[in-house]
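When reading the values below, keep in mind they use all heavy atoms of this one structure, side chains included, and skip hydrogens, waters and symmetry mates. Just so it is clear, the model here is predicted, and its values are computed rather than measured. Below, read A as the first sequence line, B as the second, and so on, with proteins coming before strands; counting in each chain starts at 1.
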Protein chains: 2
Amino acid sequence: MGLIPNLLHMNPRKPSGIKEIARLAKVSIGTVDRVLHNRKGVAASTRARVLRIIEQTGYTKNITASRLKLASTHRIRIAILIPEISEPWSYWRLQQNGIEKAAAELKELGVTVAYFYFDVNKPADFRKKWQKIRTADFQAVVTVPFLKKAVTQLLEEAEVHHVQVVFLDTERPLLGKACFIRQNSYDAGRVAGRLLYGLVGEQGHYLVVNLLRDAKIQINCQQREEGFRSFFKENAPHLLPQLHTLNHPLNTDELLAGVLEPFVKPERPLGIFVSSARAFMVAGALRHFPHSKTFLAGFDLNQQNIACLKKGEIHFIIHQKPEYQGYTAVKSIYNHLVHEEAPAVKVDIPIEIIVKENLPSYIHREWA
Amino acid sequence: MGLIPNLLHMNPRKPSGIKEIARLAKVSIGTVDRVLHNRKGVAASTRARVLRIIEQTGYTKNITASRLKLASTHRIRIAILIPEISEPWSYWRLQQNGIEKAAAELKELGVTVAYFYFDVNKPADFRKKWQKIRTADFQAVVTVPFLKKAVTQLLEEAEVHHVQVVFLDTERPLLGKACFIRQNSYDAGRVAGRLLYGLVGEQGHYLVVNLLRDAKIQINCQQREEGFRSFFKENAPHLLPQLHTLNHPLNTDELLAGVLEPFVKPERPLGIFVSSARAFMVAGALRHFPHSKTFLAGFDLNQQNIACLKKGEIHFIIHQKPEYQGYTAVKSIYNHLVHEEAPAVKVDIPIEIIVKENLPSYIHREWA
DNA sequence: TTTTTGAGTGTTAACGTTCACGGCGTGAAT
DNA sequence: ATTCACGCCGTGAACGTTAACACTCAAAAA
């Protein structure tokens, strides 16, 4: 340890980075810095010379050093504008966990995130919170595209104020060049079609169950159903007469089991695609028909779905990786702001298929 | 931009980090540094006082600043000891792509990786390359546990020389506390069992195809078969008589189609599980039996398998995410060496299921 | 002619961490 | 009494980047 003299200190390494560029271009580091940041105050000839050296040496700036310097003065501020988190295991809580993990990693690089929660039923609340964000110079905002008109306004104002917008979990055809982190719902529906068709086969019937909140269907669920139907249209069009849809309001008095009864026949297999995260409710209702040959596919690894998967009551779950979405949103924004040549944030979350047997490899592990 | 005076420069922020600790403990930053690095030369009372302050303030060192300083003197050197890469699309090439991506990200933090390739058929070559690594002070080595005896020796010597070892793609029961990045082959086989059973059902027959290189079965393939069989043992033991194994040497003169023929009967469905990355070969052979009801599952998203998946000749692919494995190996080593409290590297790659419909979400996307 | 401007430069002090070096003391050896 | 050793601690120069500030000339304004 102490026996070997420290050779590195005897022959100092030749400087790399901006200092080396300055030496080669016969200017000071100040000038190189001005060129790199496109600041004025550099003669055209000097600028060209410096740029040539930068080109030739393939210089890239040391982001570690840059962020170390900037962390104290020019922080990167990201606003998170998401629906109020009611249940402790809600989808947005998971997204937020991912966001917080990213924030922790980026903290010492001068990145801060601030949360703003809005009431999904009140567009005015969304607008109000956005105005707070807009007037508080954030570089970026991560939000959801639920409230169509309010979001359109947000996009326009964000463009004017140079605030980067990233949508989580969006499906709405996005105006302009908005960024997003989402899973393709249409394709996810197609995957569910493939999986249930494989299990149920030609002799069976099929049912799409949309569980409605406030009597209206979510856009995600709608697109998933379209994808599901498109699979059959392309691969087994003769089965379309056997493919039905059940829209069932969650806040109804009717029991789900009762509504399902006409579809469940002991003599023929039934494939049920639940377009939302509540497949476990359908699984519960199906316990009234113990001798039916029913196969169930749905979304999201919440605790109830996991339990049903383990018991064999749900056969396939499609995972949306909410934590990963949140994590990726923040990380991508950072990368985009820091490496200027980095592409805009457009991430398609893979459509991951969970069955009973690969569940452990998903829940016993870090998700990032 | 220039209109607002820079307030941050007028009221300087109170220092954070080591300086603040020093101020509170009424010592210099040198002493704090000595305490943080457990170096001698600090009075016991002073050390206790500093440690108390560190505890109270919840100080954590700024790794950005630390690496900036250390990058020039104490680089983190990682050796990669993997089989020679023959084919351009080989599995190890993909792993190496992931490694290189991680290396690029960590370059400015003073991390360097060096590659050593060995001939998988020559344990002596493996040993020779390892000796080169051992004598060249690397902090860590990423390798594969193929050659049992040579690897045991490596592990012992690495422990003595404080070289961290991380195995890629391992299944061998690992001696001691070795680290790994792998997919659980047994569980992957079980997943394949679930998927094929779902498609083929009770009336079908099942076949495990092990494609042998040099007449011997790879340990991965063996464990996958065990997992596959265990699924049927648990879920459909009555089908075990209908479950056969075919070990087929790749360098034989016999045609695969000929060997498969006795198993393929037009009247009954057949589920084939190929335990390696060459399911496309079985798919090719099956083209001789166009009217058979055959279902095929295998591993890895190589180009031939992808083509078969798109054509519907292969029904399920299990993805091992080789690029992600390589990336994770290097990143995890870095995190472990840099955050001393970080856990040892033990990563289970999730068993990801690919069908025709979710393939696009896997191949049109960054894997990290 | 002298002063003033300002465009084009160089200089320097940070950001938080690291570590060699040197400078105090106190106690032991000469 | 003078030297030497050594435990304990502070100082300062880096790492590469940033940006305010200071300086130097020219040409334009007085």
Just to confirm, is there a sub-4.0 Å distance from OP1 or OP2 of D/dC15 to any side-chain nitrogen or oxygen of B/His74? no
Taking only the side-chain nitrogens and oxygens of B/Thr31, find out if one of them lies under 4.0 Å from OP1 or OP2 of D/dG10. yes
With distance as the sole criterion, is a donor-acceptor pair present between the side chains of A/Gln96 and A/Tyr91 under 3.5 Å? no
Starting at atom CG of B/Leu36, determine the distance to atom P of C/dG16, rounded to an integer number of angstrom. 15 Å
In terms of side-chain heavy atoms of A/Leu70, which of D/dT17, D/dA19, D/dC9 is nearest? D/dA19
Picking from D/dC9, C/dC15, D/dA14, the nucleotide nearest the side-chain atoms of B/Thr46 would be D/dC9
Tell me what B/Ile29 touches on the nucleic acid: a base, only sugar-phosphate, or nothing, going by heavy atoms under 4.0 Å. base
What is the nucleic acid contact for A/Thr64, judged by heavy atoms within less than 4.0 Å: base, sugar-phosphate only, or nothing? nothing
With A/Ile78 as partner, the option from A/Leu106, A/Val142, A/Thr112 fulfilling side-chain contact (heavy atoms from CB on, under 4.5 Å) is A/Val142
Does the pair A/Arg134/A/Glu157 count as a salt bridge with the N-to-O cut at 4.0 Å? yes
To the nearest 0.5 angstrom, please state how far the CD atom of A/Glu20 sits from the CD1 atom of A/Ile18. 12.0 Å
Options C/dT11, C/dT18, D/dT17, nucleotide nearest the side-chain atoms of A/Ser28: C/dT11
B/Lys19 side chain N/O closer than 4.0 Å to the phosphate oxygens (OP1, OP2) of C/dC15? yes
Between D/dT17, D/dC21, C/dT18, which nucleotide gets closest to the side-chain atoms of B/Ser66? C/dT18
Sugar-phosphate only, base, or nothing, as touched by A/Asp33 at under 4.0 Å among non-hydrogen atoms: base
Taking the minimum atom-to-atom distance to the side chain of B/Leu68, which one of D/dT17, D/dG16, C/dT17 wins? D/dG16
Quiz item: B/Arg67 side-chain donor-acceptor pair to C/dG16 base, under 3.5 Å: no
Taking C/dT18, D/dG10, D/dA19 as options, the one with an atom nearest any side-chain atom of A/Arg39 is D/dA19
Checking C/dT9, D/dC15, D/dT17 against the side chain of B/Ser72 (C-beta onward), the nearest is D/dC15
With the side chain defined as heavy atoms from C-beta on, B/Asn62 is closest, among C/dT17, D/dC9, D/dT18, to C/dT17
Can you see if the side chain of B/His37 gets near the phosphate of C/dT17 - specifically, an N or O under 4.0 Å from OP1 or OP2? no
Between A/Val42 and B/Ile18, name the one whose nearest nucleotide on DNA chain C is closer to the 5' end. A/Val42
Give A/Lys61 one of three labels, base, sugar-phosphate or nothing, depending on what nucleic acid heavy atoms sit under 4.0 Å from its own. sugar-phosphate
